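Heads up, the thing below is written out as structure tokens.
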Amino acid sequence: MGIVLGVTAALMVLRLAGELFLSALNRAEVRRHAGSVPPAAAAIMDPDTYAKAVAYTLEKSRFGVLTGIFDTLVLALVIFGSVLPGLFAVVAAWGAPGAVWSHALFLLIAGALLSVPSLPFEWWEQFRLEEKFGFNKSTASLWVADKLKGLALMFVIGFPLLCALLALVKWAGDAWWLWGFGLVFGFQLLMLVLYPKLILPLFNKLTPLPEGELRVRLLALGDRTGFRASTIEVIDGSKRSGHSNAYFTGFGRFRRIVLFDTLIAQLTPEELKAVLAHEIGHYRRGHIPKMIALSAAMLLGGFGVIAWLSRSSWFNASFGFPAHEVAPSFLLFALLSGLVTFWFSPLSNLLSRKHEYEADAFAREAVGGAGPMIGALRKLAQKNLSNLTPHPWFSAFFYSHPTLVEREAGLAKN
Ligand SMILES: [Zn+2]
């Protein structure tokens, strides 16, 4: 048992060391280029914007060091301080022995409590850091309302789902993890469809892109590229942040494209067409089902591991929980699996970056040239104060999108 705790502690130290090392490497690289703007960056940002982007990158990175250390300390305290077994003993006792609802409630209460320590940091990031660089558009009351709504949703959706899952564990015996996977995967597919209709409206307003030339041109592009859409939606991202984005959600008949209002304000119609074509590219190149299949495989693997751990005599016991209780195994897995999966993030990011190159190439074909896409990417980098000179190891590890310089090189290739 001592071995399990020792390995857990070592994994915590290793992950934190990895994070700190990579971010120090990245800051050094950014500072190295801060004085003399590299030619590739000079073509994208004027000197003032570049200096601001450097300052923003460095400040965010230093803030990340602080939160990384703090989060690790909190995790260590929770795991080694026997906080959770105490909570489990109390909450599980609210129900009859083996009751499903009290175990589900334990998971939700633990999740809610564990999110509390980082709240001051989230506040600081939004109202100090983002504010300083002009990105914060949120207010204190909106921020608090968001947190409360998030918490309420966690209980309203999480409680029945966890009850169903834990009931399945009792009913299905050793093979519960296959059934559990089916339940949660089905739920995820359902949420892909329901999220924009039921949950997103609680936080944001979605409006169809108004009639007019832009809408006509974007819908014509959709028709031409095999993505017949009846509507393109605009989300009021400007309610919280000046950062801009576009994204694609859903699948099959439920697919939809959402543009941030900030994006529409920043780009020309030609550039917006290129961004839309990029999003359609993700759809047409089959990235959506690929990513859904990949996450399903990870989910199945995760459930398999939880089933194996909860059956073992050592896992729960090492952390002070009664053996063979599945709910504590779920919680421990949720808290600790990141210590291992962290080291695999370069792999999933590699796949994600491959998809970005493919979608960029699709956009270039669809709008008849690389110009509009490059124009859009440059403006987004300027407006979002993107880091134009990340350290190659840092971007390889953490970036889900290639750097701007890499994307321009990709677009320039045949
Ligand atoms: Zn993309």
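This structure is a prediction, so every number in the text was calculated from the model and none was measured. First listed ligand is number 1; within each ligand, the first listed atom is number 1. Hydrogens, waters and symmetry mates play no part in the numbers below; they use all other heavy atoms, side chains included.
With L11 as the partner, the side-chain contact (heavy atoms from CB on, under 4.5 Å) test is satisfied by one option alone out of V340, L16, L336: V340.
No more than 12 heavy atoms of other residues, nucleotides or ligands lie within 6.0 Å of NZ in K205, so this atom counts as exposed by the packing criterion. In W101, the CH2 atom is crowded: over 12 heavy atoms of neighbouring residues, nucleotides or ligands sit closer than 6.0 Å.
In this structure, a donor-acceptor pair under 3.5 Å is present between the side chains of E356 and H282.
Under the 4.0 Å criterion applied to side-chain N and carboxylate O atoms, R353 and E406 are not assigned as salt-bridge partners.
Here the protein contributes H278 NE2, H282 NE2, E356 OE1, E356 OE2 as N, O or S atoms under 2.8 Å from the Zn ion (ligand 1).
Side-chain N or O atoms of S329 include one that pairs as donor or acceptor with a backbone N or O of E325 at under 3.5 Å.
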